[in-house]
Amino acid sequence: MRNLFFTLSIISILAISAIACFWTPILWSLIFVVPIIIVGISDLTQKSKTIKRNFPVVGRMRYWAEWMRPKIYQYFIESDTDGTPFSRLNRNVIYQRAKKVTDTTPFGTQLNVYEVGYEWMNHSIVPLDSHKLNHDPRVIVGGPDCKQPYSASIYNISAMSYGSLSQNAIMALNAGAKLGGFAHNTGEGGLSPYHLKPGGDIIWQIGTGYFGCRNNDGTFNKELFAEKSVAPAVKMIEIKLSQGAKPGHGGILPAKKVTEEISNIRHVPIGQDVISPPYHTAFTTPYELLQFIKQLRDLSGGKPVGFKLCIGNKTQFLAICKAMVKTGIMPDFITVDGGEGGTGAAPLEFSNSVGMPLREALAFVYDSLNGFALKRHIKIIASGKVATGFDLVKNLSLGADMCNSARAMMLALGCIQALECNTNRCPTGVATQDKNLQKGLVVEDKKVRVCNFHNETVKSAVELMAAAGVDHPHKLHRQMVYRRINAGEIRTYAETYPHILRGSLLEPPYPASYEYDMANSSEETFVPGIQ
């Protein structure tokens with residue numbers, strides 16, 4: 001589009017000038033053509049609006065629609081693209097916070113407070129002054145065997161791979177993380193130069209394909225891992241067991257996105273579809289998983305190592321907990337990905353109908369770790385449509401120590417949910433390897449927006465805590481958040497997700513809700529069965 005605009009502009013001027021030599025009145029058409037060309041050049045040279053930069057003149061239609069709000073703006077810009085409250089209600093707030101403009105809303109509550117599923121938190125009659133609270137609360141990640149604990153923000157960038165995202169998008173995310181003092185998860189696509197160049201903190205994710213640390217046959221290569229994991233920017237290592245977008249399903253990077261550079265980074269053949277298998281080959285049992293965690297921790301020099309999963313069969317997570325108790329080997333953190341989360345392209349049925357939603361999964365993981373008396377050693381990271389300060393508060397109240405976000409960070413970066421991620425034609429230059437489209441995403445501008453969004457969202461969470469009389473995230477609890485069950489009934493999270501006693505899963509009798517799964521789980525296998 002950029003090249004086409006220049007070509008058509010030159011052809012138009014030359015054609016009009018040539019015709020004007022024989023027919024003078026045509027010269028007046030330059031009055032219309034030249035201003036359009038000037039506007040197009042202005043669009044091409046500005047750096048703050050990717051759509052105008054990539055699609056001069058015609059890209060302005062999006063911003064005209066935005067200007068003619070609310071009805072036309074909502075139709076063209078805020079149309080519901082995935083049937084969820086995330087896109088309808090939160091997208092504009094993300095854009096406003098990223099640009100650091102006012103994010104207040106007129107005319108009160110935008111939600112139907114009597115609708116089933118409406119959630120809220122109650123405030124205190126003696127709230128705290130949020131200005132006196134720490135607007136950058138931190139969490140120390142690292143258990144007893146960790147030699148290099150990491151001080152993490154409570155809000156970080158979730159897993160998105162280079163290859164799926166462009167180099168400019170990766171650099172803007174990482175540079176934003178450096179500006180804001182938070183972490184950036186690489187996704188399973190490997191540790192690229194674009195993750196390392198800006199200097200932001202990195203969580204290196206190791207998926208089933210072991211990209212960046214694999215042998216030619218796709219198995220794990222410990223020498224390559226050891227070489228790369230000691231990089232100072234790598235603060236934590238995350239083993240991906242499954243993800244919310246498509247739990248139990250392998251991933252694919254289309255051949256059109258596998259450039260020579262991506263081939264070298266991932267150690268895969270160029271020009272071929274890259275398949276991530278649905279399961280790991282480095283381990284097959286709970287015991288072997290924990291041994292793999294120990295191996296990665298040792299090879300990395302004692303950095304925090306954890307795993308990410310979308311909860312499916314409860315017995316399998318309980319089997320891992322049993323193995324932790326038996327071996328004494330524990331992850332430093334566990335990332336819980338909700339079945340509603342994930343930016344990755346996925347089959348419709350997997351995206352909509354597989355995997356436990358985040359709230360239920362988060363409560364289950366916290367209670368299970370607490371039931372085995374393991375929680376004090378392990379931090380929990382919640383991931384799944386975490387876009388606002390209230391999302392942070394809800395997850396923290398259920399037991400999370402910190403949260404990750406992919407979709408909201410992409411929107412802060414400039415994503416407009418054009419749904420072209422798998423075609424290599426992303427108009428904003430976020431999810432494409434097309435160099436011409438990537439040029440529209442200016443790293444120096446977008447990194448500030450990513451940082452702004454993070455800072456303002458954490459600040460919002462702190463303000464909510466202050467309103468509830470809470471001065472630190474670890475003091476949030478399930479009794480503080482309410483949910484409407486039906487027109488005449490409300491429940492707190494504590495009533496919906498009741499706690500179990502610490503240590504109550506170490507020996508029978510077990511809590512009633514855990515009896516069946518405890519009886520069908522074993523630390524020796526992931527395959528459930530009556531013991």
Side-chain angles (χ1 to χ4, degrees), residues 134-143 146 148-162 165 169-192 194-207 212 228-240 243 296-297 300-308 331-337 341 343 378-384 386-387 391-392 395-396 400-410 412-413 446-447 449-458 461 473:
N134 179 12
H135 283 192
D136 183 27
R138 312 295 290 187
V139 177
I140 302 299
V141 184
C146 177
Q148 300 186 52
Y150 175 58
S151 176
S153 168
I154 63 169
Y155 195 38
N156 302 284
I157 301 172
S158 195
M160 294 181 282
S161 303
Y162 172 59
L165 267 57
I170 292 294
M171 287 196 294
L173 288 170
N174 192 261
K178 183 178 181 181
L179 279 177
F182 52 102
H184 177 198
N185 192 307
T186 65
E188 65 177 310
L191 187 61
S192 75
Y194 310 110
H195 289 104
L196 298 172
K197 184 178 179 180
D201 292 346
I202 289 291
I203 302 171
W204 183 14
Q205 185 182 92
I206 309 296
K228 296 180 180 182
S229 63
V230 295
V234 176
K235 303 300 183 182
M236 303 200 298
I237 293 97
E238 178 181 85
I239 303 165
K240 192 199 84 170
Q243 65 183 98
L296 298 190
R297 190 185 287 128
S300 65
K303 293 182 178 180
V305 178
F307 61 84
K308 168 184 174 178
D332 298 291
F333 65 93
I334 296 174
T335 302
V336 183
D337 207 13
T343 58
I378 302 169
K379 295 298 186 289
I380 298 176
I381 305 174
S383 176
V386 185
D391 291 335
L392 284 170
N395 291 333
L396 295 173
D401 296 285
M402 48 201 276
C403 297
N404 284 351
S405 173
R407 195 176 319 204
M409 293 293 181
M410 284 181 68
L413 190 62
K446 301 307 182 193
K447 71 178 185 182
R449 296 193 181 187
V450 172
C451 175
N452 287 343
F453 169 67
H454 167 274
N455 292 350
E456 293 300 311
T457 303
V458 173

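For the atom pair NE2 (H454) and OG (S405), the distance works out to 10.5 Å, reported to the nearest 0.5 Å. Taking CG of L179 as the start and NZ of K447 as the end, the distance is 5.5 Å to the nearest 0.5 Å. Note that the SG atom of C451 and the CG atom of L173 stand 12.0 Å from one another [nearest 0.5 Å].
When every heavy atom of I378 is checked against every heavy atom of P331, the shortest pair comes out as CG1-O, 3.3 Å. Residue V230 comes nearest to S300 through the heavy atom pair CG1-O, 4.3 Å, listed as atom of the first residue, atom of the second, then distance. Nearest heavy-atom pair, A406 versus S158, reported as atom, atom and distance to 0.1 Å: N-CB, 3.6 Å. Taking each heavy atom of P137 and V458 in turn, the nearest pair found is CD-CG1, 3.9 Å. Summarising the geometry of G302 relative to C146, their closest heavy-atom pair is O-SG, 3.3 Å, with the distance given to 0.1 Å. V305 and L296 get closest at one heavy-atom pair: CG2-C, 4.0 Å.
With hydrogens and angles ignored, the 3.5 Å screen pairs a side-chain donor or acceptor of Q148 with a backbone N or O of G301. Between the K303 side chain and the V234 main chain, a donor and an acceptor come within less than 3.5 Å of each other. Judged purely by atom type and a 3.5 angstrom limit, K228 has no side-chain atom pairing as donor or acceptor with the backbone of L191.
For K308, the salt bridge (Lys or Arg N to Asp or Glu O under 4.0 Å) criterion is met by D337, not counting sequence neighbours. Among residues two or more places apart in sequence or in another chain, the side chain to side chain donor-acceptor pair (under 3.5 Å) test is passed with D401 by K375.
Residue pairs meeting the salt bridge (Lys or Arg N to Asp or Glu O under 4.0 Å) criterion with at least one partner in residues 170-190, sequence neighbours excluded, are E188-K240.
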Exercise for review: Show the numbers, then the answer: is there a side-chain contact (heavy atoms from CB on, under 4.5 Å) between M171 and Y162?
Suggested key: CA-CA 10 Å; M171 287 196 294; Y162 172 59; over 6 Å; no
Practice item. Before giving the answer on side-chain contact (heavy atoms from CB on, under 4.5 Å), spell out for M236 and D332 the whole-Å C-alpha distance, their side-chain angles and the decisive distance to 0.1 Å. Key: CA-CA 9 Å; M236 303 200 298; D332 298 291; over 6 Å; no
Practice item. Would you sort out whether N174 and I157 count as a side-chain contact (heavy atoms from CB on, under 4.5 Å), showing the intermediate values? Key: CA-CA 9 Å; N174 192 261; I157 301 172; over 6 Å; no
Practice item. Apply side-chain contact (heavy atoms from CB on, under 4.5 Å) to the pair I381 and N156, showing each step before the final yes or no. Key: CA-CA 10 Å; I381 305 174; N156 302 284; 6.0 Å; no
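When side chains are defined from C-beta on, F307 counts as touching I334, because their heavy atoms get closer than 4.5 Å. A heavy-atom distance below 4.5 Å is found between the side chains of V450 and F182. Two residues are said to be in side-chain contact when any heavy atoms from C-beta on lie closer than 4.5 Å; V386 and L392 meet this criterion. Between R297 and I237, every side-chain heavy-atom pair lies at or beyond the 4.5 Å cut-off.
With 3.5 Å as the limit, one finds a donor-acceptor pair spanning the side chains of D201 and Y150.
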